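Given the structure is predicted, the values throughout are model-derived calculations rather than measurements.
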Amino acid sequence: MKLVLIGAPAAGKGTQAKRLIEHYNIAHISTGDMLREEISKGTELGEKVKSVMASGGLVSDDLIIEIVKARIAEDDCKNGFIFDGFPRTVVQAEKLDEIIGHIDRAVFINAPDEVMLQRLTARETCPKCGATYNKLSLPSKVAGVCDACGEKLTQRKDDTVEAGKARLKTFHEQSEPLVDYYKKQNLLFEVNGLMDIDEVTKSIISGLGEKA
Ligand SMILES: [Zn+2]
């Protein structure tokens with residue numbers, strides 16, 4: 001099964017992706033994670049990406065496609081994969097189609113901006129062990145303190161109201177044409193992101209079918 005996951009920041013993409021890869025036994029492909037990994041490993045590609053980002057530019061479609069192409073050739077992708085954070089634009093979606101024929105479904109986790117903004121700004125992380133919390137949906141036992149290690153929790157710089165609004169704006173500009181692109185091909189499966197996490201998973205699996 002070849003899936004694309006679309007959703008605003010804080011729509012729960014990461015959580016749903018984890019559940020879907022387990023259910024369907026497919027690979028999770030997060031281009032963001034892959035880019036960060038290349039940078040931290042200091043590979044040639046990582047250096048290229050780092051210099052593009054340092055100059056304030058966006059990583060080019062060609063570079064992203066190059067990375068994706070190499071990734072889907074790996075063994076764990078034989079049974080299928082789910083893309084998280086890619087494609088971001090219609091151009092990237094078209095290039096992806098050129099490589100793999102076409103995807104099976106695009107899952108769009110849809111939720112209103114006000115709710116996404118509330119969720120974003122409620123996120124907390126532990127700077128020491130990396131545990132993540134959410135004051136609304138997954139609070140720590142003691143407010144502001146990590147359950148796992150007792151460290152004081154902090155907020156990511158891009159989880160503030162201002163940064164959150166900017167990220168949502170970018171998301172809409174980029175994703176709306178993408179949603180239309182898949183809708184026109186009858187590949188879009190839209191799910192209500194306001195339901196609780198388990199309901200969203202159930203709804204996706206019943207929409208896609210039990211088997212990969
Ligand atoms: Zn911790």
Side-chain angles (χ1 to χ4, degrees), residues 3-23 27-43 45-46 49-50 52-54 56-59 64 67 71 81-86 88 107-175 191-201 204:
L3 303 174
V4 165
L5 198 52
I6 305 170
K13 286 197 303 293
T15 308
Q16 296 303 333
K18 265 187 215 139
R19 293 173 170 209
L20 295 172
I21 60 167
E22 275 171 28
H23 187 87
H28 182 199
I29 305 181
S30 161
T31 46
D33 287 350
M34 286 165 66
L35 292 175
R36 278 187 287 274
E37 205 182 305
E38 295 288 337
I39 292 172
S40 76
K41 280 197 286 193
T43 61
L45 186 62
V49 171
K50 207 165 131 187
V52 172
M53 284 173 156
L58 287 172
V59 180
I64 293 276
I67 293 167
R71 180 67 186 84
F81 37 79
I82 184 163
F83 282 112
D84 171 3
F86 171 88
R88 281 206 194 280
V107 176
F108 176 35
I109 306 175
N110 197 3
D113 280 6
E114 308 85 71
V115 180
M116 292 303 98
L117 202 57
Q118 274 175 3
R119 281 196 199 163
L120 267 178
T121 53
R123 290 212 286 217
E124 292 177 310
T125 31
C126 173
K128 200 172 161 193
C129 75
T132 56
Y133 301 91
N134 190 297
K135 281 183 246 177
L136 298 172
S137 56
L138 191 70
S140 53
K141 288 194 187 93
V142 178
V145 179
C146 179
D147 291 349
C149 72
E151 186 75 16
K152 198 169 173 284
L153 298 174
T154 56
Q155 201 181 33
R156 265 171 47 176
K157 278 196 193 73
D158 53 356
D159 283 345
T160 60
V161 174
E162 282 316 304
K165 279 184 182 162
R167 286 166 71 196
L168 286 165
K169 186 168 170 268
T170 306
F171 169 75
H172 287 297
E173 284 167 2
Q174 294 183 333
S175 72
V191 57
N192 177 3
L194 289 180
M195 296 187 296
D196 75 43
I197 294 172
D198 291 338
E199 290 296 318
V200 172
T201 309
I204 295 173

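Applying the side chain to side chain contact (heavy atoms under 4.5 Å, CB included) test to I67 and every residue at least two apart in sequence or in another chain returns M34, L35, L45. Legend: residues meeting side chain to side chain contact (heavy atoms under 4.5 Å, CB included) with Q174, ordered by chain and number and at least two apart, are R88, T170. Scored by the ring pair (Phe, Tyr, Trp, His ring centres under 6.0 Å) test, F81 finds F83 as partners (sequence neighbours excluded). H23 pairs by the side chain to side chain donor-acceptor pair (under 3.5 Å) definition with E210, not counting sequence neighbours.
Within the structure, side chain to side chain donor-acceptor pair (under 3.5 Å) contacts touching residues 9-22 (residues at least two apart or in different chains) are Q16-T201, R19-D198, R19-T201.
The nearest pair of heavy atoms linking G193 to I109 is CA-CG2, 3.7 Å. Residues G46 and I39 share a closest heavy-atom pair of O-CG1, 3.7 Å. Residue L117 comes nearest to G164 through the heavy atom pair CD1-C, 3.7 Å, listed as atom of the first residue, atom of the second, then distance. Shown here for C146 and Y133, the closest heavy-atom pair between the two residues is SG-OH, 3.3 Å. Across every non-hydrogen atom of G85 and T31, the tightest pair is O-OG1, 3.5 Å.
Note that CD1 of I21 is 10.0 Å distant from CG of D84, once rounded to the nearest 0.5 Å. The distance from the CG atom of L5 to the NE2 atom of H28 is 7.5 Å, given to the nearest 0.5 Å. Taking CZ of R167 as the reference point, atom CE of M116 lies at 12.0 Å (rounded to 0.5 Å). Atoms CZ and CD1, from R71 and I64 in turn, are 14.0 Å apart once rounded to the nearest 0.5 Å. A distance of 10.5 Å separates OG1 of T121 from NZ of K165, quoted to the nearest 0.5 Å. Annotation: the span from L153 atom CG to T125 atom OG1 amounts to 7.5 Å, rounded to 0.5 Å.
With hydrogens and angles disregarded, a donor-acceptor distance shorter than 3.5 Å links the side chain of N134 to the backbone of R119.
When each of N192, L194, V191 is tested with V200 by the rule side-chain contact (heavy atoms from CB on, under 4.5 Å), just one qualifies, namely V191.
The closest side-chain heavy-atom distance from E37 to D33 is not below 4.5 Å. No side-chain heavy atom of V49 sits under 4.5 Å from any side-chain heavy atom of E38. You'll find the side chain of R123 stays beyond 4.5 Å of the side chain of T132, heavy atoms only. Proximity of C129 to E151: side-chain heavy atoms (C-beta onward) are nowhere separated by under 4.5 Å.
Of the N and O atoms on the side chains of D113 and H172, at least one donor lies less than 3.5 Å from an acceptor on the other residue.
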Can you give the donor-acceptor pairs under 3.5 Å from side chains of residues 137-144 to other protein atoms, not counting sequence neighbours?
residue	atom	partner	partner atom	Å
S140	OG	V142	O	2.8
S140	OG	V145	O	3.4

